Amino acid sequence: MKLLSLITLCAITSAHEITQLKVPLYADPRRPAVLSCHFQMEDQKLHSVKWYRDMNEIFRYNPSQKPPIRLFNVTDIMVQGGECQADSCMVKVMPPPVATRAAYTCEVSTEGPKFQIARQTKHMTVVAMPDLDPVIIGAPKVLKPGEQIFLNCTSDYSLPPSDINWYIDNELQKPEQWQRTELSAIQPGGLRRSWRVLRVRVPPTASGALRVRCEAILLVEPPVVRDTIAIITVHSRTQLSKYVSNNRGVNCVKLGVSSVILVAITWTFTQISRFTSL
Ligand SMILES: *[C@@H]1O[C@H](CO)[C@@H](O)[C@H](O)[C@H]1NC(C)=O
Ligand SMILES: *[C@@H]1O[C@H](CO)[C@@H](O)[C@H](O)[C@H]1NC(C)=O
């Protein structure tokens, strides 16, 4: 009980605190990201608010100095602006065009003689999500058993670039040696498309439909998956030959009937001639 009241007392006397730190989990490299730090000063006087990216200072607010706000560009990051109110500071940064994860820290310190510091950190990952599903090129509507084709699946632009997985009837197709995922040229913001070719060999006995699925995966946490399906009909030759042999069967039966008639006629003719010879 005594311990509890001591803790409560500490919480009350611990002067200022950061009440909310807003750092987006993901930042698009094509747009600036806005980060904000909200704080409560209680009865303390604000000395400064600083923002750090990893260990580097990118922003400083010092109300007693002129100008009160100073921005610092650090490698890979452009600090576009910053603004402070009595209880908050926000900073606008242009994320670097590479898939990186960085720690953003807000640090709020009080005036002397105490110079107390409150600090909070959150991480931001640079990611550009794909807007569109991947595209499959080269899929015909119909294939014959034993045929071989090459399909090409291309993902939408993203950062990091997507991984490509192929499935045939829900079975993952392991890439052959030469079938690596290839990357397109780089776009503003570091975005790229990726593509991978799949060789489809239709088994000689196959028939029905082939369900080919291409999956573009962005390996972020949690992964982002987009996919496209192509259905290819396999026209089986065995079905065709069955049809042909059935036809032949019918002909055979017809031939059989005519043979019976012919035999009957021959028999009758023999009987007649035997009769006439009598
Ligand atoms: C940061 O870099 C950008 C682009 O090079 C520039 O426009 C801006 O003035 C720089 N800011 C600071 C504080 O140096
Ligand atoms: C696959 O498609 C992409 C873009 O759609 C193209 O750049 C690439 O050359 C194609 N690859 C093959 C082997 O056809």
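The model shown is predicted, which means the values in this text are computed figures rather than measured ones. Ligands are counted one by one from 1 in listed order, and the atoms in each one are counted from 1 as well. Below, each value reflects all heavy atoms present in this structure, side chains not excepted, and no hydrogens, waters or symmetry copies.
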- Message: Measuring from atom NE2 of H16 to atom CD of Q44, what distance do you get when rounded to the nearest 0.5 angstrom?
- Response: 7.0 Å
- Message: Give me the nearest non-hydrogen protein atom to atom 5 (O) of ligand 2 as residue plus atom name, then the distance to 0.1 Å.
- Response: T154 OG1, 3.1 Å
- Message: Can you report which non-hydrogen protein atom sits closest to atom 10 (C) of ligand 2, along with the distance?
- Response: N152 ND2, 2.4 Å
- Distance filter under 4.0 Å to V197 heavy atoms, resulting ligand 2 atoms: 13 (C)
- Task: Give the contacting part of V135 toward ligand 2: side chain, backbone, both or neither, where contact means a heavy-atom distance below 4.0 Å.
- Result: neither
- Query: Under a single-linkage definition using a 4.5 Å side-chain heavy-atom cutoff for Ile, Leu, Val, Met, Phe, Trp and Tyr, are I136 and I149 assigned to the same hydrophobic cluster?
  - Reply: yes
- Note: ligand 2 atoms sitting under 4.0 Å from heavy atoms of I137 are 5 (O)
- Task: May I ask you to check whether the SG atoms of C37 and C106 are separated by less than 2.5 Å?
- Result: yes
- Item | Common cluster, M94/V126, ILVMFWY with side-chain heavy-atom separation under 4.5 Å | no
- Query: Y104 and H123: aromatic ring centres closer than 6.0 Å?
  - Reply: no
- Query: Quick one: nearest non-hydrogen protein atom to atom 7 (O) of ligand 2, plus distance?
  - Reply: W195 NE1, 3.9 Å
